[in-house]
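Data first, discussion second: the structure below is written as structure tokens.
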2 protein chains.
Amino acid sequence: MGAIEAPSGDELLKVLAALGNPHRMRIVAALAGGRNYVSGLAREIGMSRPLLHMHLQRLETAGLVVGTLELSDSGKAMKFFEVAPFGYALTPQAVAEAARTLTDQAPDGKSAGAPGRNAQHGKTQHGKASDEKEETQ
Amino acid sequence: MGAIEAPSGDELLKVLAALGNPHRMRIVAALAGGRNYVSGLAREIGMSRPLLHMHLQRLETAGLVVGTLELSDSGKAMKFFEVAPFGYALTPQAVAEAARTLTDQAPDGKSAGAPGRNAQHGKTQHGKASDEKEETQ
DNA sequence: GCCACGTGTCAGATTCTTCTTACACACCCG
DNA sequence: CGGGTGTGTAAGAAGAATCTGACACGTGGC
């Protein structure tokens, strides 16, 4: 019966909390139309840079966008962001399944090992299977 | 082929914000295992009734659960809750599409009539789909 | 050197959400 | 009639999220 791989409760929770915000939704929408760098994006959607920075950080932590620092021909460092090819199915069973592996995140939980920051876990029919290595950041 | 009906931005936003909470996720999970009434559910998941009441209200507003007030044989009024057969696909395009119809409106109530709130977009494996009626607030 | 552009981060105020406590009512049973 | 069950709601504290402003740094061009 379980056709698709269920995401961990913490992961799904982070994704939903990240997407459950009008500004962040708009950011993802703007990024879905094409990649952009922080200041340009801030101008496009009319938001202060520090605020956009926070939202982008939240989205990146949830694995919904990825940022790459590039150097323009002028030599200026510009951080480009683009949407990650995520795909989640939101159904009662999926939520129930995820809630099973839901760890009541303690205020201090990350001691040794990966901080649980994982992006792709092919949930839906997204054949996109770029391998994912766990990098201990 | 974009034959699928996209949810309104406000609707998707409400759903994501409602599900982006560990307690509410657990509530949906508990309710997916079977219907229950408020006090019983509060005992089952170990939560105070007023708090559970608030969370249930939030979930019901988002259209994720439905509550029906029934009378037990003893004559006691008991409010039973059960999960609504919702189904949302969370992809970059879906978010972008929803963000297009995102009204950043004030806490003031909506003007009139039932807005086009559509829940089922059967792209995931979920057979049964009885449509629910729209209840404003 | 100074300014325009890019980056990141911090402190503080504000606003929202969450949670507890306490109250209101209705019904049944001893 | 008091005590058990069920319901709903309101006030206020506690906490987390949001947002603004100012600061830091680096590079290219006048």
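Within every chain, numbering begins at 1; the chains are lettered A, B, ... in the order of the sequence lines, protein sequences first and strands thereafter. When reading the values below, keep in mind they use all heavy atoms of this one structure, side chains included, and skip hydrogens, waters and symmetry mates. This is a predicted model, so every value here is computed, not measured.
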Practice prompt. May I ask you to evaluate whether A:Tyr37 reaches the phosphate of C:dG6, defined as a side-chain N or O under 4.0 Å from OP1 or OP2?
Written response: yes
Item to complete: Using whole Å, report how far CD of B:Gln57 lies from P of D:dT9.
Response: 7 Å
Worksheet item: Rounded to the nearest Å, what distance is computed from the NE2 atom of residue B:His23 to the C1' atom of nucleotide D:dA16?
Response: 14 Å
Worksheet entry | Distance in angstrom units between B:Leu56 CG and D:dT9 P, rounded | 12 Å
Fill in: Minimum heavy-atom distance between B:Pro92 and A:Phe86, given as atom pair plus value
CD-O, 3.3 Å
Discussion item. It should be established whether A:His53 places a side-chain nitrogen or oxygen under 4.0 Å from OP1 or OP2 of nucleotide C:dT7.
Written reply: no
Practice prompt. Send over the distance from A:Glu44 CD to C:dG6 P, rounded to a whole Å.
Written response: 14 Å
Item to complete: Measure the distance from NZ on B:Lys76 to P on D:dG6 and round it to the nearest whole Å.
Response: 7 Å
Worksheet item: Does the distance from a Lys or Arg side-chain N to an Asp or Glu carboxylate O, for A:Glu97 and A:Arg100, drop under 4.0 Å?
Response: yes
Item to complete: Check the distance between D:dT7's P and B:Glu70's CD and give it to me in whole angstrom.
Response: 12 Å
Fill in: Toward the 5' end of DNA chain C, by each residue's nearest nucleotide, B:Pro50 or B:Arg58
B:Arg58
Worksheet item: 5'-most contact on DNA chain D: B:Arg43 or A:Ser48, nearest heavy atom basis?
Response: B:Arg43
Report all side-chain donor-acceptor pairs from residues 36-47 of chain B shorter than 3.5 Å, counting only partners two or more places apart or in another chain.
{"unit_1": "B:Asn36", "atom_1": "ND2", "unit_2": "B:Glu44", "atom_2": "OE1", "d": "3.1"}

Worksheet item: Any side-chain N or O of B:Lys79 under 4.0 Å from OP1/OP2 of D:dG6?
Response: no
Worksheet item: When the distance from CG of A:Leu52 to C1' of D:dC19 is rounded to whole Å, what number comes out?
Response: 13 Å
Worksheet item: Which heavy atom in B:Gly20 sits nearest to a heavy atom in A:Leu13, and how many Å separate them?
Response: C-CD1, 3.5 Å
Worksheet item: For the salt bridge (Lys or Arg N to Asp or Glu O under 4.0 Å) test, which of A:Lys79, A:Lys76, A:Arg35 pairs with A:Glu70?
Response: A:Arg35
Item to complete: Grab the CG-C1' distance between A:Leu71 and C:dT7 for me, whole Å please.
Response: 11 Å
Worksheet, complete the sentence: Regarding the side chain of A:His55, the nearest nucleotide among D:dC19, D:dG8, D:dG6 is D:dC19
